[in-house]
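A, B, ... follow the sequence lines: proteins, then strands. Residue 1 opens every chain.
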4 protein chains.
Amino acid sequence: MKRVELNKENKRASLLKTSFQLFSEKGFAKTSISDIVKEAGMAKGTFYLYFKDKYDLRDQLVIRKSLQVIREANEALESKPQKGFENQFIAYVDHIIECLEKDKILLRFINRNLSGALFESMMEGAIGADLQNLLRRCEESMAAEHIICSNLHLMVFTLMELLSGTMYSCILDGQPVTMEEYLPYLHESIRAIIHAFCREQAEDTENPAEP
Amino acid sequence: MKRVELNKENKRASLLKTSFQLFSEKGFAKTSISDIVKEAGMAKGTFYLYFKDKYDLRDQLVIRKSLQVIREANEALESKPQKGFENQFIAYVDHIIECLEKDKILLRFINRNLSGALFESMMEGAIGADLQNLLRRCEESMAAEHIICSNLHLMVFTLMELLSGTMYSCILDGQPVTMEEYLPYLHESIRAIIHAFCREQAEDTENPAEP
Amino acid sequence: MKRVELNKENKRASLLKTSFQLFSEKGFAKTSISDIVKEAGMAKGTFYLYFKDKYDLRDQLVIRKSLQVIREANEALESKPQKGFENQFIAYVDHIIECLEKDKILLRFINRNLSGALFESMMEGAIGADLQNLLRRCEESMAAEHIICSNLHLMVFTLMELLSGTMYSCILDGQPVTMEEYLPYLHESIRAIIHAFCREQAEDTENPAEP
Amino acid sequence: MKRVELNKENKRASLLKTSFQLFSEKGFAKTSISDIVKEAGMAKGTFYLYFKDKYDLRDQLVIRKSLQVIREANEALESKPQKGFENQFIAYVDHIIECLEKDKILLRFINRNLSGALFESMMEGAIGADLQNLLRRCEESMAAEHIICSNLHLMVFTLMELLSGTMYSCILDGQPVTMEEYLPYLHESIRAIIHAFCREQAEDTENPAEP
DNA sequence: CATGAATGAGTATTCATTCAT
DNA sequence: CATGAATGAATACTCATTCAT
């Protein structure tokens with residue numbers, strides 16, 4: 001029964017916003033549709049005009065929020081380009097960390113609610129496109145720098161799993177150390193993995209760009 | 001007196017086993033206590049003689065199952081000792097992977113239900129002791145090989161986060177590749193991270209403590 | 001809009017009526033919410049749209065029923081005014097007795113369920129206002145008759161405790177005698193207590209009775 | 001699981017004592033047999049060796065506790081005899097008040113749990129005998145003082161109802177005043193009621209029992 | 001579009017009571 | 001006598017979903 005919440009105009013947005021708050025506070029399982037509509041200041045029936053059920057709402061929420069993080073990281077990367085593939089990648093990672101460190105609730109939310117099934121469906125939507133984009137840009141950078149990667153997909157996968165796991169622990173729990181303390185080690189680990197996957201192309205003269 | 005004690009332990013074991021099965025099949029949220037006791041063939045009230053509630057049951061389950069994996073890996077490691085710290089660690093990881101690849105349900109269960117709060121409480125129990133043990137053994141190995149690690153704790157943290165994230169994806173979803181395909185890359189990544197954290201001690205005799 | 005409001009009030013009334021019946025028949029503790037809604041012909045959930053729980057329902061019931069008795073006694077008193085404070089008070093008491101003798105279930109219900117805590121909260125609501133009214137009227141009567149009461153509050157308290165205790169025994173159990181038999185003794189006792197608390201104002205000459 | 005509570009010897013007494021405490025603290029309805037035996041440090045089954053059920057236990061408790069109060073008042077009265085029937089009665093009342101003011105828990109317990117049905121059954125047991133005793137003593141006192149009471153039973157009934165109602169309010173709730181403040185008014189009311197029921201016998205010789 | 005009253009299946013939890021040991 | 005594990009009926013309460021207005 002809070003406000004009338006920008007009445008009319010944008011009920012869907014209001015429901016998304018309210019439910020994000022409640023899911024973060026009380027968790028998904030303990031948040032009822034009743035709670036959401038009461039907080040959003042509308043009637044129960046209205047919920048079903050916009051979402052199929054609670055799960056539908058959650059999934060839309062995860063997609064929007066994840067997309068938002070990735071977009072922000074992309075934009076930040078474009079506005080401040082780095083020299084060299086390795087540095088670019090690390091800058092990208094730092095943007096994501098910075099973004100989620102500012103919005104810990106979002107981090108917790110994404111981590112809690114990002115199920116495998118949903119993740120795959122996201123990969124075929126806008127997020128997938130964005131990530132394809134990222135991969136392509138990586139390839140370009142590496143080509144420009146004459147770097148050969150044994151398996152780009154798996155390298156990104158490895159790096160992303162490392163990032164998401166450690167980020168969650170350090171940012172949210174400060175366990176085993178805070179993100180600030182961990183960051184140099186993370187950077188080193190990332191560089192080490194990149195080196196493990198990549199090698200520089202042999203001499204320019206002998207190998208004139210893959211004949 | 002013995003008969004009765006035995007019977008109790010059977011009851012508890014039966015509840016744990018049944019609920020593990022149901023949680024794995026239908027998920028924790030969609031499994032009711034009714035389901036569990038019906039499947040286990042006992043009265044509802046009996047459940048409450050052994051567990052405080054569904055959450056208590058789940059936590060005990062996670063602890064038992066996790067402990068089991070770690071113990072198995074420890075035993076396997078002891079029975080087949082490896083040469084060198086790096087190889088030892090990789091063998092340890094391989095044991096865990098092997099163990100969870102055989103029991104995917106267990107992997108899914110642990111990953112789904114291992115919340116941060118529970119994890120920390122586990123670290124103060126038997127599992128914590130086992131992991132302390134592991135760390136100590138690492139230290140001994142490294143000392144014996146004159147390897148200096150910049151931060152052993154954070155190295156193990158990094159390696160474990162990498163392992164658990166990739167393991168979940170590859171073993172359970174086969175995404176982006178199967179574990180079999182990913183394994184060589186994982187090994188390389190592990191070695192790379194270890195190298196990033198460690199360096200060999202300078203000359204044996206002279207070694208004037210970092211000149 | 002009106003139809004719906006009306007329907008709601010009917011539902012609430014139906015629950016109150018049904019539960020009063022059941023509480024009277026089987027007692028509060030042995031009446032379940034299931035019983036009530038079954039008897040009232042509605043769904044379980046509907047109950048919780050109108051009352052917080054069984055205790056809330058009971059309290060609302062006690063308040064309504066008590067108010068009803070007091071209101072009736074007030075109305076009866078106004079329609080048949082008596083001469084003199086003492087007679088007025090006795091007439092008031094007789095109205096209450098008459099009213100509860102006709103509705104023994106109500107008497108039993110009020111007596112059983114009127115806890116101290118609820119009683120006090122009632123005293124701050126409509127019932128309190130009604131009783132304040134009664135006290136004020138008593139004061140006026142007494143002033144008009146030049147009667148001085150050493151402590152009006154305590155007198156009414158004393159009389160009411162006497163009334164409620166004896167009423168319950170005599171009307172409901174016929175113990176030690178029926179109300180009919182006891183009534184003259186009750187009247188005498190009331191008069192005696194009033195005399196014990198009050199005395200007539202001194203001599204006419206000095207204070208010529210407010211001419 | 002407290003102590004072993006004077007093990008063997010006196011389980012019944014232990015159960016009575018423990019349950020009195022718990023009933024007083026949490027109320028009868030919210031005290032379970034589990035609570036009682038746990039607190040008394042014995043097994044559930046043991047309860048049923050001594051009491052039929054919770055209601056049986058409560059009733060025995062009420063009887064014992066009530067008897068105790070009456071006995072104490074009787075003993076106190078005998079040890080400090082008063083001059084005159086009226087003073088005797090008031091002394092008796094004061095003893096009861098004093099006794100219950102010291103043990104408010106007991107007062108609350110008796111008031112909460114003394115149902116009409118139980119009361120009657122008590123009247124046919126030891127308590128009834130004690131009260132008969134009291135009545136007989138009253139008659140003797142009055143005869144000795146040449147006082148004639150229009151109805152001794154109803155007078156005692158009236159006085160007792162007045163006493164119990166006001167005592168509960170004043171002692172336990174301090175409402176509308178404390179017992180200390182109320183006591184003089186109570187005494188006056190009692191004397192007034194006694195006077196209303198009794199009159200002194202006219203001259204001894206000339207007045208041969210109401211001509 | 002929006003409402004919110006009504007539903008009733010479903011859930012966790014309690015507890016008096018029994019009975020084999 | 002004493003135990004306490006086992007029972008399962010019973011209870012309060014929740015909540016996603018529908019539908020008449």
Side-chain angles (χ1 to χ4, degrees), chain A residues 4 7-8 11 29-38 41-57, chain B residues 1-12 29-38 41-57, chain C residues 1-12 29-38 41-57, chain D residues 4 7-8 11 29-38 41-57:
Chain A
V4 198
N7 225 349
K8 296 288 164 192
K11 307 233 182 211
K30 293 202 171 171
T31 301
S32 69
I33 290 177
S34 265
D35 292 336
I36 296 168
V37 293
K38 206 185 292 165
M42 43 187 112
K44 263 214 192 110
T46 309
F47 180 92
Y48 292 91
L49 296 175
Y50 295 99
F51 302 98
K52 196 181 146 288
D53 54 24
K54 216 169 56 162
Y55 301 91
D56 181 29
L57 168 61
Chain B
M1 190 71 89
K2 221 175 227 166
R3 262 280 295 287
V4 108
E5 293 287 312
L6 212 70
N7 207 285
K8 277 183 68 174
E9 214 37 59
N10 284 344
K11 280 256 157 70
R12 159 173 268 111
K30 296 203 170 171
T31 301
S32 70
I33 289 175
S34 274
D35 293 337
I36 297 169
V37 293
K38 205 182 294 166
M42 40 185 116
K44 246 193 200 151
T46 308
F47 178 92
Y48 292 92
L49 294 176
Y50 294 96
F51 304 97
K52 201 183 141 286
D53 52 25
K54 214 170 59 162
Y55 301 91
D56 182 31
L57 167 60
Chain C
M1 189 73 90
K2 220 173 225 162
R3 265 278 297 286
V4 108
E5 292 288 310
L6 213 71
N7 206 286
K8 276 183 70 173
E9 215 36 59
N10 284 344
K11 280 256 158 71
R12 161 174 266 109
K30 295 203 170 169
T31 301
S32 70
I33 289 175
S34 273
D35 293 337
I36 295 170
V37 294
K38 206 183 293 165
M42 40 187 117
K44 243 189 204 157
T46 309
F47 179 92
Y48 292 92
L49 294 177
Y50 294 96
F51 304 99
K52 201 182 142 287
D53 54 24
K54 216 171 56 164
Y55 301 91
D56 181 32
L57 168 60
Chain D
V4 197
N7 226 349
K8 296 287 166 197
K11 307 234 183 212
K30 295 201 171 173
T31 302
S32 70
I33 291 177
S34 264
D35 293 335
I36 297 168
V37 294
K38 207 184 294 169
M42 44 187 108
K44 263 217 192 105
T46 310
F47 180 92
Y48 292 91
L49 296 175
Y50 296 98
F51 303 99
K52 195 180 145 289
D53 53 25
K54 213 170 59 162
Y55 300 91
D56 181 30
L57 168 61

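- One interatomic measurement links the two molecules: CG of A:L49 to C1' of E:dG4, which rounds to 13 Å at whole-angstrom precision.
- Distance, C:K11 NZ to E:dG4 P: 17 Å, rounded to whole Å.
- As a whole-Å value, the separation of A:M42 CE from E:dC1 P is 13 Å.
- Expressed to the nearest 0.5 Å, how far CZ of C:R12 lies from OG1 of C:T46 amounts to 12.5 Å.
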(request) Any chance you could list the contact pattern along nucleotides 9-16 of chain F? Use B for base contacts, S for sugar-phosphate-only contacts and - for none, protein heavy atoms under 4.0 Å, 5' to 3'. (result) --SBBB-B
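- Separating the CD1 atom of D:I36 from the C1' atom of F:dG4 is a distance of 17 Å, rounded to the nearest angstrom.
- Residue C:N7 has no polar side-chain atom (N or O) positioned under 4.0 Å from OP1 or OP2 of F:dA20.
- Between the CG atom of B:L57 and the C1' atom of E:dT11 there is a distance of 16 Å, given to the nearest Å.
- Pairing partner, E:dA16: F:dT7, with both Watson-Crick or wobble hydrogen-bond distances short of 3.5 Å.
- Contact annotation: the side chain of B:F47 never approaches that of B:M42 to less than 4.5 Å [non-hydrogen atoms, C-beta and beyond].
- By the 4.5 Å heavy-atom criterion applied to side chains, B:I36 and B:L57 are counted as neighbours.
- In this structure, CG on A:D35 lies 12.0 Å from NZ on A:K30, to the nearest 0.5 angstrom.
- Across the strands present, E:dT21 finds its partner in F:dA2; the criterion is a Watson-Crick or G-U wobble pair with both atom distances under 3.5 angstrom.
- Residue contacts shown for B:Y50 are limited to sugar-phosphate atoms, with no base heavy atom under 4.0 Å away.
- Looking at heavy-atom distances under 4.0 Å, D:F51 makes no contact with the nucleic acid at all.
- Taking every heavy atom of both residues into account, A:A29 and A:K54 meet most closely at O-NZ, 3.8 Å.
- If you measure from atom CD of B:E5 to atom P of E:dT21, you get 15 Å, rounded to the nearest angstrom.
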